[in-house]
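This report refers to the structure that appears directly beneath it.
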Amino acid sequence: MDSFIIVATIFSAFGFCSFIVYLVHVLWLNGENRRLILRRQGIEGPLPALLLGNVPQMKRMLPSHHRLMSLFPYFTQWTKRYGQSFLFALGRSQFMYVADTNFVREINCFTSLDMGKPAYLRKDRGALLGKGLITTNGPVWYYQRKTIAPHLFMDRVKDMTELMVESGGELVKSWDNIIEANSGIADIRVDDYVRRFTSYVISKVVFGDDWQKGMEIFPKSLALINAMSSPTILTGVPFYRYLPSKNNREIWRLEKEIHSTIMGIVKKHTESETACKDLLQVMIEGSKGNVEPSITADEFIVDNCKDICIPASEVTAVSVIWGLMLLASHPEWQTHIRAEVSQVCKGGELNFDMLHKMKAVRDMTMTMTMEINQLQLKMVVLEVLRLYPATTFVSRQALQNLKLGDVEIPKGINIWLWMLELHTDPKIWGTDSEKFNPERFANGISRACKSRQAYIPFGLGARVCPGQSLGMTELQVLFALIVSNFSLAIAPSYRHSPQYALLIEPEFGVNLLIRKI
Ligand code: HEM
């Protein structure tokens with residue numbers, strides 16, 4: 001018996017020690033080894049705490065809501081201390097922050113599937129984005145991208161312009177009515193009108209004749225974004241997402257409702273006798289060729305619908321809303337756009353060819369150069385996206401050990417690019433880098449800055465936004481329609497307070513004083 005107790009004690013002690021070694025390995029050594037590889041190559045960073053990483057330090061540096069550049073004070077401070085590339089940790093996840101344009105170029109040129117989207121996106125944003133185009137990696141991502149992206153190329157967007165003009169016309173009519181009822185000038189909070197415009201356009205593109213049913217998912221997606229915006233990975237508590245808290249139960253409810261709405265439309269499509277030509281049909285067909293066993297056909301369709309509809313409605317809307325705020329603050333640019341639209345349209349209805357007469361910004365992908373002598377509307381859109389890049393960060397993860405230029409990146413390291421830092425670096429954009437000055441784009445992007453890599457509102461490389469042509473065209477159509485019908489000024493009720501909640505949004509919305517012209 002005694003010997004049994006001795007053996008059992010030895011085994012328990014051994015088991016306990018192994019468990020401690022395992023914990024130390026998982027909680028500390030894993031991350032530390034990765035950091036060491038980068039530190040040996042000269043990339044330093046603040047020392048992380050066990051379990052929480054640098055989150056406590058970040059929480060101590062409170063962001064200011066009045067200046068966009070002050071939203072992430074820790075990045076500004078660490079850049080000053082450790083240079084344009086440095087390391088930090090959020091919990092156990094190791095991050096490399098990159099603002100060095102040579103490094104950005106390497107990421108842009110890296111085409112292998114060894115780099116992809118970070119795993120935390122799927123974990124933390126699973127309810128919102130699922131296993132679609134935005135979050136997956138490797139062959140399954142490649143298949144989804146090949147199936148869906150060609151349907152968003154410029155030749156397809158051309159056919160969507162009429163839709164945009166029609167939806168923009170509805171917005172103009174609603175504002176006309178409000179202004180008339182308010183004796184010629186009204187204080188309007190523009191946010192919901194803009195969201196209705198972007199949701200309508202993408203609902204028609206994705207759900208075709210069932211667009212009205214499709215519209216039901218947008219308020220739910222917005223509620224889901226709001227419910228998921230806190231805590232973010234920047235401030236979050238580990239494992240929080242699994243707790244059945246009130247907020248989490250709301251997230252699960254909304255996810256379920258969005259799923260069943262989309263599946264209802266899918267059912268109608270599959271039962272329909274006439275062939276549907278919308279993007280949903282492309283996804284239904286695509287789900288049959290999906291070879292990834294961990295993704296069911298339903299998930300393929302629903303998650304990709306969400307991954308197209310959510311950025312198309314929300315990211316585009318937020319960009320338009322900031323753009324209207326900037327135009328209201330700079331009436332001289334309203335005058336320029338108004339004159340240009342009137343010159344090109346000559347009283348007729350705006351269409352794709354007219355937009356392109358305004359010297360086409362043909363494609364924002366980095367492989368294509370911009371045309372020179374852009375006209376006012378394009379310059380304004382480029383400047384809005386420079387100063388208010390709604391998605392805030394571009395993120396990547398090394399899925400294998402890989403090399404970017406001369407730097408060895410160990411598997412598991414996350415890479416973050418804060419767009420605004422690149423977009424407003426005075427060494428690249430000049431001393432007026434934080435000012436709204438669309439004129440800087442008069443001769444294209446390459447001539448507006450010292451490094452083309454410093455302008456990435458649609459991301460970069462293989463994962464560049466597939467909806468960029470649609471998004472750009474929507475911004476142009478709406479600015480053209482609004483400015484040629486109304487004059488805009490900032491309303492006294494407007495409070496400037498950009499806040500980070502998945503996207504950078506105006507905390508209290510944007511109120512403008514709008515007058516018919
Ligand atoms: C002004 C509007 C828009 C902006 C500023 C924007 C910006 C971005 C950015 C920065 C990314 C990340 C790229 C990267 O990681 O390198 C992205 C990805 C994506 N965007 Fe957009 N976007 C806009 C409109 C749209 C629209 C209209 C759609 C759909 C029709 C769309 C669909 C997507 C998808 C599916 C991805 C993930 C692509 C992938 O990982 O392969 N976006 N977008």
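Numbering of residues begins at 1 and proceeds along the displayed sequence. Counting starts at 1 for both ligands and their atoms, in listed order.
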Nearest-neighbour protein heavy atom for [atom], which is reported as residue plus atom name and distance:
atom	result
atom 2 (C) of ligand 1	Thr316 OG1, 3.6 Å
atom 3 (C) of ligand 1	Phe458 CE2, 3.4 Å
atom 37 (C) of ligand 1	Ile134 CG1, 3.6 Å

Which part of [X] is near ligand 1, with near meaning a heavy atom under 4.0 Å away: side chain, backbone, both or neither?
X	value
Leu470	side chain
Ser319	side chain
Arg145	side chain

Considering only heavy atoms of [X], which atoms of ligand 1 have at least one such atom less than 4.0 Å away?
X	value
Leu460	16 (O)
Pro457	5 (C), 7 (C), 10 (C)
Trp141	39 (C), 40 (O), 41 (O)
Gly459	10 (C), 13 (C), 14 (C), 16 (O)
Met419	10 (C)

**Study point:** Check: Phe393 ring centroid to Phe72 ring centroid under 6.0 Å
**Key:**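 Centroid separation for Phe393 and Phe72: below 6.0 Å.
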
Review point. Centroid-to-centroid, Phe88 to Tyr74, below 6.0 Å?
Key: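 Centroid separation for Phe88 and Tyr74: 6.0 Å or greater.
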
Just going by heavy-atom distances, which of [options] is nearest to [atom]?
atom	options	answer
atom 13 (C) of ligand 1	Met160, Glu314, Arg463, Gln468	Arg463
atom 17 (C) of ligand 1	Gly461, Ala462, Cys465	Cys465
atom 19 (C) of ligand 1	Gly471, Pro311, Pro466, Gly467	Pro466
atom 35 (C) of ligand 1	Asp307, Val381, Val201	Asp307

Between [X] (side chain only) and [Y] (backbone N and O only), is there a donor and an acceptor less than 3.5 Å apart?
X	Y	result
Asp191	Val510	yes
Asp278	Val205	no
Lys306	Ala127	yes

Check your understanding: Does the side chain of Arg396 come within less than 4.5 Å of Arg463's, by heavy atoms?
Key -> yes

Review point. Between Arg195 and Glu314, does a salt bridge (Lys or Arg N to Asp or Glu O under 4.0 Å) hold up when you go through it step by step?
Key: CA-CA 7 Å; Arg195 285 202 169 88; Glu314 208 36 41; 2.8 Å; yes

Does a donor on one side chain sit under 3.5 Å from an acceptor on the other, for [X] and [Y]?
X	Y	answer
Arg105	Asn102	yes
Glu507	Ser497	yes
Glu166	Tyr200	yes

Give a yes/no on ligand 1: does [X] have at least one heavy atom closer than 4.0 angstrom to it?
X	answer
Lys117	yes
Ala390	no
Arg396	yes
Gln144	no

Exercise for review: Could you check whether the rings of Phe75 and Trp418 sit parallel, tilted or perpendicular, using 30° and 60° as the cut-offs?
Suggested key: tilted

Review point. Trp333 and side chain to side chain contact (heavy atoms under 4.5 Å, CB included): which partner among Glu383, Met379, Arg338?
Key: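 The side chain to side chain contact (heavy atoms under 4.5 Å, CB included) with Trp333 is passed solely by Met379 among Glu383, Met379, Arg338.
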
